[in-house]
Amino acid sequence: MKLDNGKEAVYPEGTTCMDLFKEKTAENKELLAVLIDGKECDLNLPLPANSTVAFVGFDTPQGAEVYRHTASHILAHAVKRLYPDVKLGIGPAIENGFYYDFEFEEPISSDDLSEIEKEMKKIIKERQPIRRREMSRESALQLFEERAEPYKLELIRDLPADTVISCYEQDDFIDLCAGPHLPNTRMVKAFKLTGLAGAYWRGDERNPMLQRIYGTAFPSKERLEQYLNMLEEAKKRDHRKLGRELELFSLHEEGPGFPFFHNNGAVIWQELTDYWRVEHRRADYEEIKTPLILNRSLWEQSGHWDHYRDNMYFSKIDEQDFAIKPMNCPGAMLVYRSKMHSYRDLPRRIAEMGIVHRHELSGTLHGLMRVRSFTQDDAHIFMLPGQVESEVAAIIDLMDRIYRVFGFQYRVELSTRPGKAMGTAEMWDKATNLLESVLEDKEIDYRLNEGDGAFYGPKIDFHLEDCLGRSWQCGTIQLDFQMPEKFDLTYIGEDGGKHRPVVIHRVIYGSMERLIALLIEHYGGAFPVWLAPTQVTVIPVTDRSHEYARQVYDHLKGEGLRVTIDQRNEKVGYKIREAQVKKVPYMLIVGDREVESGQVAVRHRDQGDLGAEDLSNLIGRVKKEVDEKII
RNA sequence: GCCGACGUAGCUCAAUGGUAGAGCAAUUGAUUUGUAAUCAAUAGGUUGGGGGUUCAAGUCCUCUCGUCGGCUCCA
């Protein structure tokens, strides 16, 4: 037996992991789970010969998973005690917690969670030993037949033939479970039920909806508190809250999912699009504008009528059907097709800040993150088949360059052929392999997302996280062999004949709305100077300095900075507080001393009082921050 | 769309089925202020909307709209 500290040890045959675990926990009480050759393993199993053994605590992914998975069993156990007729779904550990799905006879409400918590505490106190039982498929089926658990029966029937079927048992509670678990319930030290929500059985909306109870568990009350506090802090960065407080945008009943940008939000929008244009011109993109409303025939040709109709809005003009565009691609196709192309013209990169409307389900709307009308920083690249790899690579580079400016961390996913897709399996395989090879070449870590591609092709998605760690898709690169066929796009090749170009759809920001939401949360409302709606505010101390303050203000405005002046009859502290709350980067306090010296007293929102300096110095510093987009 | 919760002044929140209230913001006045809230006064509401129960509804029932947390979906 090799131990994780590199030492080797010999144990008699038949020694269980538990024996060794007891020996180890005597030294370190925080250990939770055993890894045999790197894999989690049940403690009651005998130690396999010649393996490497490691014991891990809560601060490893495996340890936390075992810990929280056990908490989810305690939850199910408590629910079973309180509601004997409840049917069990599944109950895994997830990032930061766990959940369990139940079908109740009568739906419970969030008020019932405290009762369930109480029962869970009881079970923990009872120090119920947790035992693993392996059984044949037949006896497992019989067991859950007797216990009237239809969902468990369905799970057992769907398990592959060679799976070892195991159950975990504590007191009279038994659950189908691969394990492993903690040895007893007392080891769960601190937990809290955090939410109640509906969830379709097996995530399929055709299946019945179960009630999902969310919770989290930590090895100590302090760490639980710490986590809950962190969540509270994160909520202060919520873009919906900051959006209102900083007067960036508003949402109204009159337009659900159709956000209103106020001046402050619009300023950020402008800066973002200005920067975007600079980068895209540099990367040899053209920019177009296409109509919002287009004839039904176009959508039939593009395939949207068949594949995307449920999400589209319609209108009738002169007795003819029109649709409000849900995507920009058909417009770009028409632009491409409006002239002849030589192979020498390709690749042709056509960008468009395109406004699209999609009828998203009402329950999915979420501030600016998920709306029904949004502006995509779209581009369609028309290219020779041989140019695909270099174009995809160039987009990834541009994406990384731009995300870096904001200081974003992102995750990459590769999405493959969905259920309702256009085109042949061969085309899909070819396209998917191509994207994969670019990712491999660039040595980018990515997650495979089976069946999540667009209906016209596979895609590489770039995900960013919001203040609560929820992930949102922003950038995407979608390969498309379909649109060129549908629109009969051609170019004249070297041979003088007509050939089919390949199309890539791509966005980098994703949508302006979602990007702005993420930026608000990313910066907690304290935007870098180049994006800040107000960059500098001038604060006169008394009305004796109003005239000088006005000169300073005019000067800054003349330099093209976004500046305000606070001439209200209030004390300096009050004005400073307000500017701080509004997260204005620079406050210039001018009183008798500054009038005298011809300087300004600079206060930075993070660094505080920086003392007096010449206005020209301050202007130089602010402009440098703007130009270099310093975060 | 589905499940659960919520909706009171611009914002944050009070109000056993019995006269809708506070703080901040706003307005007016006083105060001339030096690095995160000066004092006082005033105004502000068909309690999201419709219907019902009741002598009486912010509160109970019902429909509806919106919001929040999830599921599904997605930029």
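This structure is a prediction, so every number in the text was calculated from the model and none was measured. Below, read A as the first sequence line, B as the second, and so on, with proteins coming before strands; counting in each chain starts at 1.
Nucleic acid contact class of A:Gly203 (heavy atoms, under 4.0 Å, all strands): sugar-phosphate only. A:Glu594 comes within contact range of at least one nucleobase, with a heavy-atom separation under 4.0 Å. Residue A:Val371 is in base contact, counting any heavy-atom pair closer than 4.0 Å across all strands shown. At a threshold of 4.0 angstrom between heavy atoms, the contacts of A:Ala199 are confined to the sugar-phosphate backbone, with no base atom among them. A:Arg470 comes within 4.0 angstrom of sugar-phosphate atoms only, judged by non-hydrogen atoms across all strands, and of no base. Contact annotation for A:Glu578: no contact, since no heavy-atom pair falls under 4.0 Å across all strands. Heavy atoms of A:Val507 sit nowhere under 4.0 angstrom from any nucleic acid atom. Counting non-hydrogen atoms under 4.0 angstrom, A:Gly198 reaches a base of the nucleic acid. Using a 4.0 Å heavy-atom distance criterion, A:Leu365 is classed as a sugar-phosphate-only contact. Using a 4.0 Å heavy-atom cutoff across all strands shown, A:Ala601 reaches at least one base atom of the nucleic acid. Across all strands shown, A:Gln580 has heavy atoms under 4.0 Å from base atoms, whether or not it also approaches the sugar-phosphate. If you check every strand for non-hydrogen atoms under 4.0 Å, A:Lys459 touches sugar and phosphate atoms only. Using a 4.0 Å heavy-atom distance criterion, A:Asp461 is classed as making no nucleic acid contact.
When all heavy atoms of A:Asn96 and A:Thr216 are compared, the pair lying nearest together is O-OG1, 2.5 Å.
The listed nucleotides are B:U32, B:C74, B:A26; the one nearest the side chain of A:Arg544 is B:U32.
No side-chain donor from either of A:Tyr275 and A:Glu271 sits under 3.5 Å from a side-chain acceptor of the other. With hydrogens and angles left out, the side-chain atoms of A:Tyr548 and A:Glu594 include no donor and acceptor closer than 3.5 Å.
Look at A:Phe374 and the base of B:A75; the rings stack, centres closer than 5.5 Å and planes less than 30° apart.
Between A:Tyr509 atom OH and B:A75 atom P there is a gap of 19 Å when expressed in whole angstrom units. Following rounding to the nearest Å, A:Asp606 (CG) and B:U35 (C1') show an atom-to-atom distance of 15 Å.
Phosphate contact (OP1/OP2 of B:C39, side-chain N/O of A:Tyr574, threshold under 4.0 Å): absent. Dashed line: the shortest gap from a side-chain N or O of A:Gln473 to OP1 or OP2 of B:C74 is not under 4.0 Å.
Under the 6.0 Å cut-off for aromatic ring centres, A:Tyr100 and A:Phe102 qualify, their centroids lying closer than that. Centroid-to-centroid, the aromatic rings of A:Tyr410 and A:Phe408 stay 6.0 Å apart or farther.
A cation-pi contact links A:Arg68 to A:Phe218, judged by a cut-off of 6.0 Å to the six-membered ring centre and 45° from its axis.
Taking the side-chain contact (heavy atoms from CB on, under 4.5 Å) definition, one finds that A:Leu294 meets it with A:Pro291, A:Leu298, A:Trp299, sequence neighbours left out. Remark: A:Glu287 pairs with A:Trp276, A:Arg277, A:Met353 by the side-chain contact (heavy atoms from CB on, under 4.5 Å) rule, at least two apart or across chains.
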Pick out the pairs of N or O atoms, protein on one side and nucleotides 5-15 of chain B on the other, that lie under 3.5 Å.
{"residue": "B:U12", "atom": "OP1", "partner": "A:Arg244", "partner atom": "NH2", "Å": "3.0"}

